[in-house]
Amino acid sequence: MLGDEEFSDTSFGDASFGDAVGGGRRTRRALVLVENLSVPFDRRVWQECTTLRDAGWTVDVICPRGSKRDTEPEAVVDGVRIHRYPLRAATGGPAGYLQEYGSALWHTARLARRVGSVDVVHACNPPDLLFLPALWLKRRGARFVFDQHDLVPELYLSRFDRGEDLLFRAVRALERWTYRAADVVLATNESYRDVALSRGGRRPGDVFVVRSAPDTERFRPVPPEPELKRGKPHLLCYLGVMGPQDGVDYALRSLAKLRDEYGRSDWHAVFVGGGDTFDAMVELSRRLGLSELVQFTGRVPDADLVRYLSTADVCLSPDPRNPLNDVSTMNKVLEYMVMGRPIVSFDLREARVSAGDAAVYAPANDESEFARLIAELMDDPERRAWMGKLGQERINGPLAWRNSQRSLLAAYAAACRPRARR
């Protein structure tokens with residue numbers, strides 16, 4: 001059974017920390033497996049790769065190709081070698097995801113054989129299938145670091161609304177096998193760590209919190225551009241993926257209530273990003289009569305993203321409460337904070353952990369209250385400025401990437417300790 005043959009001794013023992021992270025007698029090699037996004041577009045994965053590179057590791061990545069960027073089959077970027085495979089995104093519900101994941105798994109195994117021997121295989125979910133090529137490498141001497149970006153069972157419940165059916169039970173089994181196969185687990189926040197300890201049965205010394213954090217060199221405010229407001233006094237901004245669980249529909253209905261219930265049309269809203277529901281959200285905006293007030297940009301270059309965020313008066317985080325969102329850290333919240341923007345969010349556990357007083361919180365899924373809070377912030381520029389400053393202080397303090405770098409390297413040190421036989 002998975003995990004019964006051996007386990008890792010996570011005590012630091014007599015080996016030096018430098019030996020564990022690449023500062024010893026030979027350069028160690030890590031292979032990072034990603035299916036959800038291309039690299040370096042996946043910002044968390046890229047920060048991890050460059051942190052390991054700077055600590056002396058040789059880093060390879062296997063990931064899908066992007067559609068408009070990261071399109072080369074193979075590339076070396078800033079010293080990290082990236083192997084990419086073609087992948088068609090899932091459509092049509094769970095069956096589409098099974099097809100996507102099967103193709104990704106085959107390509108990952110094929111490219112892993114090409115990469116050859118590594119010291120650590122670092123697999124990022126979703127899906128919870130990458131433990132299979134990780135096990136193949138583990139049996140050849142590699143250690144397995146499981147980087148849990150999402151709680152896939154909660155993602156399944158939140159995305160498909162099918163309840164705890166047969167596929168849900170299969171997803172839970174895959175997560176359980178992944179936990180058992182891993183030498184150490186990386187959790188994106190304390191809520192995910194609690195799941196690894198309780199549901200995953202992991203020891204506290206095996207689970208390390210490595211929070212996502214925006215790149216403060218890449219995200220820096222620039223002078224606002226009033227023309228982006230399309231002649232309105234206020235600009236509202238949403239940044240992020242548009243999938244079934246991301247709440248763009250909640251944001252649009254809240255904006256319709258802002259207009260209809262609160263009599264406010266002194267705003268222009270811009271929605272930056274793409275995803276499975278992009279076309280459906282454009283159509284919903286049209287049905288709600290918001291076409292003159294709401295702009296959908298799709299994915300934009302970083303320079304344009306910074307322009308919109310630097311001009312925005314209020315930023316929107318409309319993720320509804322569901323089994324996944326309540327315990328997940330939203331990257332958009334962190335990116336709003338680094339740009340010094342005030343946030344309106346639904347009241348989610350991890351949203352409060354991340355944003356604190358840099359956001360105001362509507363009761364979960366209450367669109368009327370979400371609209372009221374937008375109006376309240378539009379009318380209070382001093383509070384907006386204070387909230388923005390608080391957000392920047394949090395990003396540059398307790399939520400800074402340098403803290404997660406230490407945790408990441410400690411996790412690798414733990415994974416690389418001599419194994420103890422049962």
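All heavy atoms count here, side chains included; hydrogens, waters and symmetry mates do not. Note that this is a predicted model, so its numbers are computed, not measured.
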No-hydrogen, no-angle side-chain donor-acceptor test under 3.5 Å, [X] and [Y]:
{"X": "Asp319", "Y": "Ser317", "answer": "yes"}
{"X": "His149", "Y": "Asn36", "answer": "no"}
{"X": "Ser103", "Y": "Tyr85", "answer": "no"}
{"X": "Thr51", "Y": "Trp57", "answer": "no"}
{"X": "Arg211", "Y": "Ser404", "answer": "no"}
{"X": "Ser191", "Y": "Glu350", "answer": "yes"}

Specify the closest pair of heavy atoms between [X] and [Y], including all atoms of both residues, with the distance to one decimal.
{"X": "Leu105", "Y": "Leu129", "value": "CD1-O, 3.5 Å"}
{"X": "Tyr179", "Y": "Gln148", "value": "OH-OE1, 2.7 Å"}
{"X": "Ala181", "Y": "Leu135", "value": "CB-CD2, 4.0 Å"}

Can you find a heavy atom in the side chain of [X] that is under 4.5 Å from one in the side chain of [Y]?
{"X": "Leu252", "Y": "Met281", "answer": "yes"}
{"X": "Arg220", "Y": "Val306", "answer": "no"}
{"X": "Val32", "Y": "Asp60", "answer": "no"}
{"X": "Asp147", "Y": "Arg44", "answer": "yes"}
{"X": "Val210", "Y": "Thr188", "answer": "no"}
{"X": "Lys68", "Y": "Arg299", "answer": "no"}
{"X": "Tyr336", "Y": "Ile395", "answer": "no"}
{"X": "Glu376", "Y": "Arg383", "answer": "yes"}

Check [Y] with [X], please: is the shortest side-chain N to carboxylate O separation under 4.0 Å?
{"X": "Lys138", "Y": "Asp183", "value": "yes"}
{"X": "Glu74", "Y": "Arg81", "value": "yes"}
{"X": "Glu175", "Y": "Arg199", "value": "yes"}
{"X": "Asp313", "Y": "Arg341", "value": "no"}
{"X": "Glu48", "Y": "Arg43", "value": "no"}
{"X": "Glu100", "Y": "Arg88", "value": "no"}
{"X": "Arg65", "Y": "Asp70", "value": "no"}

ask   = Which residue pairs pass the salt bridge (Lys or Arg N to Asp or Glu O under 4.0 Å) test when at least one of the two sits in residues 32-41, sequence neighbours left out?
value =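 Residue pairs with at least one partner in residues 32-41: there are none.
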ask   = Got a sec, which pairs hit salt bridge (Lys or Arg N to Asp or Glu O under 4.0 Å) with one end in residues 238-249, sequence neighbours left out?
value =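 Only Asp249-Arg253 qualify under salt bridge (Lys or Arg N to Asp or Glu O under 4.0 Å).
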request  = Determine, stepwise, if the pair Phe370 / Phe346 fulfils ring pair (Phe, Tyr, Trp, His ring centres under 6.0 Å).
outcome  = CA-CA 7 Å; Phe370 197 93; Phe346 287 123; 4.8 Å; yes
For [X], what residues pass the side-chain hydrogen bond (donor to acceptor under 3.5 Å, both in side chains) criterion, not counting sequence neighbours?
{"X": "Thr329", "result": "Asn189"}
{"X": "Ser354", "result": "none"}
{"X": "Asp304", "result": "Arg307"}
{"X": "Arg110", "result": "His107"}

ask   = Within a radius of less than 6.0 Å around CD of Glu382, do more than 12 heavy atoms belonging to other residues, nucleotides or ligands occur?
value =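 No, CD of Glu382 has 12 or fewer neighbouring heavy atoms, counting only those of other groups under 6.0 Å.
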query = Can you name the salt bridge (Lys or Arg N to Asp or Glu O under 4.0 Å) partners of Asp215, sequence neighbours left out?
reply =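 Listed in chain order: nothing, the list is empty.
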Salt bridge (Lys or Arg N to Asp or Glu O under 4.0 Å) against Arg162, all qualifying residues, sequence neighbours excluded =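 Expected list: Asp165.
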How would you list, by chain and number, every residue that makes a side chain to side chain contact (heavy atoms under 4.5 Å, CB included) with [X], sequence neighbours excluded?
{"X": "Asp161", "answer": "none"}
{"X": "Asp194", "answer": "none"}
{"X": "Lys389", "answer": "Glu393"}
{"X": "Leu293", "answer": "Lys232, Arg259, Trp267, Leu290"}

request  = Under the side chain to side chain contact (heavy atoms under 4.5 Å, CB included) rule, what do Met242 and Phe296 come out as? Steps first, then yes or no, please.
outcome  = CA-CA 11 Å; Met242 299 185 189; Phe296 290 86; 4.1 Å; yes
query = For the residue pair Trp46 and Phe41, is the inter-centroid distance of their aromatic rings smaller than 6.0 Å?
reply =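 Between Phe41 and Trp46, which both carry aromatic rings, the centre distance is not below 6.0 Å.
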task = Describe, in one word, how the ring planes of Phe168 and Tyr156 are oriented to each other, choosing from parallel (under 30°), tilted (30 to 60°) and perpendicular (over 60°).
result =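 The rings of Phe168 and Tyr156 sit tilted, inter-plane angle from 30° to 60°.
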